[in-house]
Amino acid sequence: MKPTATLRDKLNGQALTTIIAAHNPLGAVLAAEAGFDGVWASGFEFSAAHALPDASLLSMTQHLENVRAMASATDIPIVADIDTGYGNAINVIHCVKHYEAAGAAAVVMEDKTFPKDTSLLEGGRQQLLRKEEFQGKVAAAVAARDDPDFVVIARTEALIASHGLDEALDRGRAYAEAGADGILVHSKSSTPDEIVQYSRRWDRETPLVIVPTAYPQLTEPEIEKLRNVRLVIYGNHGIRAIVTALREVFARIREDRGIANVDETIASVREVFDLQGVDTMKENERRYLR
Ligand code: SPV
Ligand code: MG
């Protein structure tokens with residue numbers, strides 16, 4: 001099955017689908033190895049990996065090429081974070097065509113103005129687009145896809161911009177009406193209450209998507225009880241794990257003035273060869289190098 005069909009089937013089914021952020025193909029391979037249903041090609045992680053703020057600084061083509069490389073490294077669906085769609089509805093048409101051709105199974109587009117600011121930054125500059133304009137962008141994304149299974153998820157930042165539940169529900173309904181296959185409702189609240197309320201008041205068939213970074217106490221069994229949340233995105237745990245791991249290992253090497261102690265504590269070179277597909281390359285060498 002194509003990754004687009006796999007993801008659409010999962011979204012339409014009853015089970016909870018879990019995806020995790022990656023910012024490079026190796027992260028995508030490790031997500032698949034760990035048993036995740038898909039990969040979140042996160043704008044935050046990709047920006048952080050460049051040591052840059054997640055504020056529309058990297059170009060569409062930079063992120064697109066990363067998504068293409070991820071999609072060629074793994075068979076699990078890649079859900080591309082296209083931020084605000086890089087402009088108006090015309091930019092969205094261009095963007096969706098290219099992300100689909102690059103092998104993404106889905107795009108998530110948010111209803112903020114360009115350039116955006118990252119959602120979880122305290123005091124961040126959170127400005128929403130007019131609802132009608134974003135409806136047009138959602139409709140443009142849906143019309144631009146070639147494969148009918150390619151998934152278009154509309155994300156409302158109404159709660160992030162402190163507009164309250166009523167506005168967030170109104171926008172979610174408007175985007176579902178415009179043809180979105182899923183509604184991502186993002187929250188910066190440190191408890192799950194807001195999202196639980198949203199889920200209880202959601203009165204459309206369109207499945208909900210959440211990113212529980214700010215309220216990590218909400219576990220998968222509890223999300224399953226909400227019933228209309230079908231997709232959970234773990235938004236930045238790969239990059240945070242890397243920061244922790246690199247800090248520890250780098251500091252230890254400086255402290256020890258050598259690599260002898262860390263050697264046993266980190267992945268072996270052989271393990272990295274395996275992740276690179278070296279065995280397949282060697283097999284091909286035996287067959288074809290004459
Ligand atoms: C991302 O991972 O890029 C997201 C989620 O969009 S958040 O950073 O919480 O906005
Ligand atoms: Mg993002």
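Atoms within a ligand are numbered from 1 in the order they appear, just like the ligands themselves.
At a threshold of 2.8 Å, the Mg ion (ligand 2) has a backbone or side-chain N, O or S atom of Asp81 nearer than that distance.
Judged purely by distance below 3.5 Å, without hydrogens or angles, the side chains of Asp149 and Thr4 never pair a donor atom with an acceptor atom. Side chains of Glu283 and Thr280: no donor on one and acceptor on the other come within 3.5 Å. Between the side chains of Thr84 and Lys137, no donor-acceptor pair of N or O atoms lies under 3.5 Å.
Regarding atom 9 (O) of ligand 1, its nearest protein heavy-atom neighbour is His186 NE2, 2.8 Å. Protein heavy atom nearest atom 2 (O) of ligand 1, with residue, atom name and distance: Ser42 OG, 2.7 Å.
Listed here is the closest heavy atom pair of Glu110 and Asp81: OE1-OD1, 4.3 Å.
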As a quick check of understanding, evaluate ring-ring contact (aromatic ring centres under 6.0 Å, His included) for Tyr86 and His94, giving each step before the final call.
CA-CA 9 Å; Tyr86 302 96; His94 173 77; 9.4 Å; no

Candidate pair Asp111 and Lys131, rule salt bridge (Lys or Arg N to Asp or Glu O under 4.0 Å), full reasoning
CA-CA 8 Å; Asp111 58 357; Lys131 180 177 75 181; over 6 Å; no

Intermediate values then yes/no, side-chain contact (heavy atoms from CB on, under 4.5 Å), Ile210 and Tyr198:
CA-CA 11 Å; Ile210 62 170; Tyr198 194 95; over 6 Å; no

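Within ligand 1, the atoms closer than 4.0 Å to a non-hydrogen atom of Gly235 are 2 (O), numbered from 1 in the order shown. Contact atoms of ligand 1 toward Gly43: 3 (O) (distance under 4.0 Å to a heavy atom of the residue).
The shell of residues lying under 4.0 angstrom from ligand 1, judged by heavy atoms, includes Leu120. Residue Asp81 places a heavy atom under 4.0 Å from ligand 1.
The shortest N or O to N or O distance between Val211 and ligand 1 is not below 3.5 Å.
Counting only non-hydrogen atoms, the option in Lys116, Glu157, Glu45, Arg155 that gets closest to atom 10 (O) of ligand 1 is Arg155. Nearest to atom 3 (O) of ligand 1 by heavy atom, out of Phe44, Trp40, Tyr234, is Phe44.
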